[in-house]
Engineer: 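Here it is, the structure in full.
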Amino acid sequence: QVQLVESGGGLVQAGGSLRLSCAASGRTIGSYAMGWFRQDPGKDREFVAVISWSGRNTRLAESVKGRFTISRDNAKNTVYLQMNSLKPEDTAVYYCAAVFGAAVPVGKNDYDYWGQGSQVTVST
C-alpha cells in the first residue's frame, strides 16, 4: 500500500504561485508514476500533470502548460507541483495519485492510490 499526503495548498491572489507537495509512505515511489489531478465541486476530476518513475517523462494538461511544473525527489519519496501565474480557474482541490509502472497515464481510472486532497483557492 502507498499512502499519499498532499500539502502546500492555500489562498493566493491571481498571478501568484504555490508549490504543492505529495509525501508518500508505505512504499518507495521510485517505481511509480505520480500524477496530479484537480476537482471542483460538481465537476469531474481532471488531469493536471504526471511524471514518470525516473522523472525523465512528464505530461501536462494544456490548460497549465507554461505555468505548472511537476517534479519528484525519489530520495525524499516526494512529488511536487510548482504552480505559477495562477488564475481563478485553477481553484480546486488538488489530488496526488500513484500508479506502479513505466507508463505516464492521464486518466484518473488508471491510478491505484490517492491522497486526501489539498485546497487551492485563487482570488481575483
Engineer: Under a 4.5 Å cut-off applied to non-hydrogen side-chain atoms, are Met83 and Trp36 in contact?
Structural biologist: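 Met83 vs Trp36: side chains apart.
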
Engineer: Which is it for Arg38 and Val64 under the side chain to side chain contact (heavy atoms under 4.5 Å, CB included) test, yes or no, and what are the steps along the way?
Structural biologist: CA-CA 12 Å; Arg38 65 187 183 187; Val64 306; 4.0 Å; yes

Engineer: Are Val48 and Tyr80 connected in the hydrophobic side-chain network, where two residues link if heavy atoms are under 4.5 Å apart?
Structural biologist: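 Cluster IDs for Val48 and Tyr80 differ.
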
Engineer: Atom OG1 of Thr78 and atom CG of Leu20: how far apart are they, to the nearest 0.5 Å?
Structural biologist: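 Answer rounded to 0.5 Å: 12.5 Å.
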
Engineer: Kindly give the heavy-atom pair with the smallest separation between Phe47 and Pro105, and that separation in Å.
Structural biologist: CE1-O, 4.2 Å

Engineer: May I ask whether Val2 and Phe100 are part of the same hydrophobic cluster, defined by side-chain heavy atoms of I, L, V, M, F, W, Y residues being less than 4.5 angstrom apart, directly or through others?
Structural biologist: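 As far as the 4.5 Å side-chain criterion goes, Phe100 and Val2 are connected within one cluster.
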
Engineer: Using modelled atom types only, decide if a donor and an acceptor are shared between the side chain of Ser118 and the backbone of Gly9 within a distance under 3.5 Å.
Structural biologist: yes

Engineer: I'd like to check the salt bridge (Lys or Arg N to Asp or Glu O under 4.0 Å) partners of Lys65; sequence neighbours left out, ordered by chain and number.
Structural biologist: Glu62

Engineer: Is the backbone of Val104 close enough, under 3.5 Å, to the side chain of Arg59 for a donor and an acceptor to pair up by distance?
Structural biologist: yes

Engineer: State, to 0.1 Å, how close Leu11 and Ser123 come at their nearest heavy-atom pair, and which atoms those are.
Structural biologist: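 The pair with the smallest heavy-atom distance is CD1-CB, 4.3 Å.
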
Engineer: Where the side chain of Glu6 meets the backbone of Gly117, is there a donor-acceptor pair that is under 3.5 Å apart?
Structural biologist: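 Checked: pair present.
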
Engineer: Answer yes or no for Arg27 and Tyr32: cation-pi contact, defined as NZ/CZ to six-membered ring centre under 6.0 Å and angle to ring axis within 45°.
Structural biologist: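 So Arg27 doesn't make the cation-pi contact.
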
Engineer: Spell out, as yes or no, whether a donor-acceptor pair under 3.5 Å connects the side chain of Arg67 to the backbone of Ser85.
Structural biologist: yes

Engineer: Is it possible for you to say whether Leu18 and Ile51 belong to one hydrophobic cluster, with membership spreading through side-chain heavy-atom contacts below 4.5 Å?
Structural biologist: yes

Engineer: If hydrophobic clusters are built by linking Ile, Leu, Val, Met, Phe, Trp and Tyr wherever their side-chain heavy atoms come under 4.5 Å apart, do Phe37 and Val50 end up in the same one?
Structural biologist: yes

Engineer: Say whether Val93 and Trp114 are linked into one hydrophobic cluster, either directly or through other cluster members, by side-chain heavy-atom distances under 4.5 angstrom.
Structural biologist: yes

Engineer: Would you sort out whether Ile70 and Val79 count as a side chain to side chain contact (heavy atoms under 4.5 Å, CB included), showing the intermediate values?
Structural biologist: CA-CA 7 Å; Ile70 187 171; Val79 178; 4.1 Å; yes

Engineer: Does Glu89 have more than 12 heavy atoms from other residues, nucleotides or ligands lying within 6.0 Å of its CD?
Structural biologist: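 Counting neighbours around CD of Glu89, more than 12 heavy atoms of other residues, nucleotides or ligands fall under 6.0 Å, so yes.
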
Engineer: Closer than 3.5 angstrom, by distance alone: can the side chain of Arg72 be matched with the main-chain N or O of Ser52 as a donor-acceptor pair?
Structural biologist: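 At least one qualifying donor-acceptor pair exists.
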
Engineer: Asn84 and Ser17: which non-hydrogen atoms are nearest, and at how many Å?
Structural biologist: OD1-OG, 2.9 Å

Engineer: Measure the CG-OG distance between Asn74 and Ser54 for me, rounded to the nearest 0.5 Å.
Structural biologist: 8.5 Å

Engineer: Which word best sums up how the rings of Tyr94 and Phe68 line up, parallel for under 30°, tilted for 30 to 60°, or perpendicular for over 60°?
Structural biologist: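 Taking Phe68 first and then Tyr94, their aromatic rings sit tilted (interplane angle of 30° to 60°).
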
Engineer: What heavy-atom pair brings Gln39 and Lys43 nearest, and what distance separates the two atoms?
Structural biologist: NE2-O, 3.0 Å

Engineer: Where the side chain of Gln116 meets the backbone of Val5, is there a donor-acceptor pair that is under 3.5 Å apart?
Structural biologist: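 Looks like no, no N/O pair under 3.5 Å.
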
Engineer: Can you tell me how far CG of Asp40 sits from OG1 of Thr91, rounded to the nearest 0.5 angstrom?
Structural biologist: 7.0 Å

Engineer: Can you name the closest pair of heavy atoms from Gly115 and Tyr95 and give their distance?
Structural biologist: O-CD2, 3.6 Å

Engineer: Verify, without hydrogens or angle tests, whether Asn77 (side chain) and Ile29 (backbone) share a donor-acceptor contact under 3.5 angstrom.
Structural biologist: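 Flag set: sc Asn77 to bb Ile29 pair under 3.5 Å.
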
Engineer: Could you check if a side-chain atom of Leu4 sits within less than 4.5 angstrom of a side-chain atom of Met34, using non-hydrogen atoms only?
Structural biologist: yes

